[in-house]
S.K.: 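Right, I'll just put the structure down here and ask away after.
The first residue of the sequence shown is numbered 1, and numbering continues consecutively from there.
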Amino acid sequence: DLTDEDSEKGWDRLRRRVGEFFHRHAPQAAKDLQNTQQQIDGALITYKRRYDVLSKLMAEAEAVRAELANHVDDLRQAAERYGHQAAQATSEPAKQVAAKALSKAQRQADELEQQLAEQDGELDEMRLRHAQTRAKYRRLRSQRDVLLARLKSAQAQLAMSRSNHH
């Protein structure tokens with residue numbers, strides 16, 4: 001049977017062996033954690049830049065989209081006016097001029113609507129990449145926070161191990 005004294009000596013031996021093991025391996029583990037922290041910090045900077053660039057590009061694309069939509073509206077309104085002019089024209093040359101202007105405004109509006117549809121598709125793709133980048137950035141930031149907590153813990157354990165050996 002083990003006595004309390006034997007049990008205590010065994011516990012002290014185990015604690016000393018664990019401390020020695022940690023003392024031998026902790027500096028490299030702490031260094032590895034620091035290297036990983038630097039890599040994650042670098043990735044965070046990269047993803048933040050990507051996010052910022054995508055945000056700027058999306059704002060510009062939204063402005064272009066709004067401008068296209070305004071032009072389409074203007075052309076549709078112009079086409080409507082030309083249609084009224086053609087209907088109200090009293091001479092054949094006036095009807096032909098209004099009809100030609102109507103046709104041109106409708107064609108241009110149709111072309112711009114096609115560009116608007118393409119712009120919407122590109123914007124959808126940008127929004128998706130923007131959301132993915134934001135999610136990845138948040139994941140990396142969370143991983144960094146966990147890593148920092150582990151690094152602080154490892155540094156504290158190393159400091160305690162060193163103080164127990166001196």
Side-chain angles (χ1 to χ4, degrees), residues 21-22 24-161:
F21 176 82
F22 188 78
R24 282 193 309 270
H25 297 286
Q28 185 59 44
K31 185 177 181 183
D32 290 347
L33 283 173
Q34 286 173 335
N35 288 339
T36 303
Q37 177 190 356
Q38 290 169 351
Q39 290 171 353
I40 289 176
D41 285 344
L44 275 171
I45 290 168
T46 298
Y47 273 90
K48 179 68 169 125
R49 281 186 192 140
R50 285 182 189 170
Y51 181 80
D52 292 344
V53 166
L54 281 172
S55 295
K56 183 178 179 186
L57 289 174
M58 278 181 47
E60 291 171 5
E62 292 282 358
V64 168
R65 192 223 177 274
E67 194 173 319
L68 282 173
N70 287 337
H71 285 307
V72 168
D73 289 344
D74 291 345
L75 286 167
R76 292 291 178 212
Q77 290 172 9
E80 191 175 316
R81 281 192 313 274
Y82 294 134
H84 289 303
Q85 287 175 3
Q88 294 175 354
T90 55
S91 71
E92 194 57 36
K95 282 184 181 186
Q96 288 178 354
V97 168
K100 189 174 181 179
L102 169 65
S103 177
K104 182 178 178 182
Q106 286 176 330
R107 187 181 72 254
Q108 288 175 335
D110 290 344
E111 289 171 3
L112 284 181
E113 279 183 340
Q114 178 63 35
Q115 290 178 12
L116 189 59
E118 291 171 11
Q119 185 73 11
D120 285 341
E122 289 177 21
L123 266 170
D124 288 344
E125 183 65 30
M126 290 175 86
R127 286 182 187 111
L128 175 63
R129 282 185 282 158
H130 191 254
Q132 289 171 334
T133 302
R134 182 178 61 236
K136 180 74 172 183
Y137 176 76
R138 288 178 176 168
R139 248 188 337 270
L140 285 170
R141 197 173 56 202
S142 176
Q143 290 172 348
R144 180 205 55 199
D145 293 345
V146 168
L147 179 67
L148 286 174
R150 288 180 181 166
L151 181 59
K152 286 179 183 178
S153 174
Q155 289 170 336
Q157 289 177 354
L158 180 60
M160 284 179 29
S161 174

S.K.: Which atom pairs, one a donor and one an acceptor, fall under 3.5 Å between side chains of residues 106-115 and the rest of the protein, sequence neighbours left out?
M.R.:
{"residue": "D110", "atom": "OD1", "partner": "R76", "partner atom": "NH1", "Å": "3.4"}
{"residue": "D110", "atom": "OD1", "partner": "R76", "partner atom": "NH2", "Å": "2.6"}
{"residue": "E113", "atom": "OE1", "partner": "R76", "partner atom": "NH2", "Å": "2.8"}
{"residue": "Q114", "atom": "NE2", "partner": "E118", "partner atom": "OE2", "Å": "3.4"}

S.K.: Which atom pairs, donor and acceptor, lie under 3.5 Å between side-chain atoms of residues 97-104 and protein residues at least two apart or in another chain?
M.R.:
none

S.K.: How long is the straight-line distance from CD of Q85 back to CD of E80, given to the nearest 0.5 Å?
M.R.: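 Answer rounded to 0.5 Å: 11.5 Å.
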S.K.: Name the one of R50, K48, R49, K56 that satisfies side chain to side chain donor-acceptor pair (under 3.5 Å) with D52?
M.R.: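 Answer to the side chain to side chain donor-acceptor pair (under 3.5 Å) test with D52 among R50, K48, R49, K56: K48.
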S.K.: Might you point out which heavy atoms bring M58 and L123 nearest each other, and give the distance in Å?
M.R.: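 M58 and L123 have their closest heavy atoms at O-CD2, 4.1 Å.
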S.K.: Sequence neighbours excluded and cut-off under 3.5 Å, please list the side-chain donor-acceptor pairs for residues 129-145, or say none.
M.R.:
{"residue": "H130", "atom": "NE2", "partner": "S55", "partner atom": "OG", "Å": "2.8"}
{"residue": "T133", "atom": "OG1", "partner": "R129", "partner atom": "O", "Å": "2.8"}

S.K.: With rounding to the nearest 0.5 angstrom, report the CZ to CG distance, R65 to L116.
M.R.: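 R65 CZ to L116 CG: 4.5 Å, rounded to 0.5 Å.
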S.K.: Locate the shortest heavy-atom distance separating M126 from A61; write the atom from each residue and the value.
M.R.: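 Heavy-atom minimum between the residues: SD-CB, 4.0 Å.
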S.K.: Please report the interatomic distance OH(Y82) to CG(L75), rounded to the nearest 0.5 Å.
M.R.: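 Answer rounded to 0.5 Å: 9.0 Å.
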S.K.: Do the side chains of E122 and E125 get nearer than 4.5 Å, heavy atoms only?
M.R.: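 A side-chain contact under 4.5 Å is absent here.
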S.K.: About how many Å separate CG of D41 and CG of L148, when rounded to the nearest 0.5 Å?
M.R.: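 Here the interatomic distance stands at 7.0 Å.
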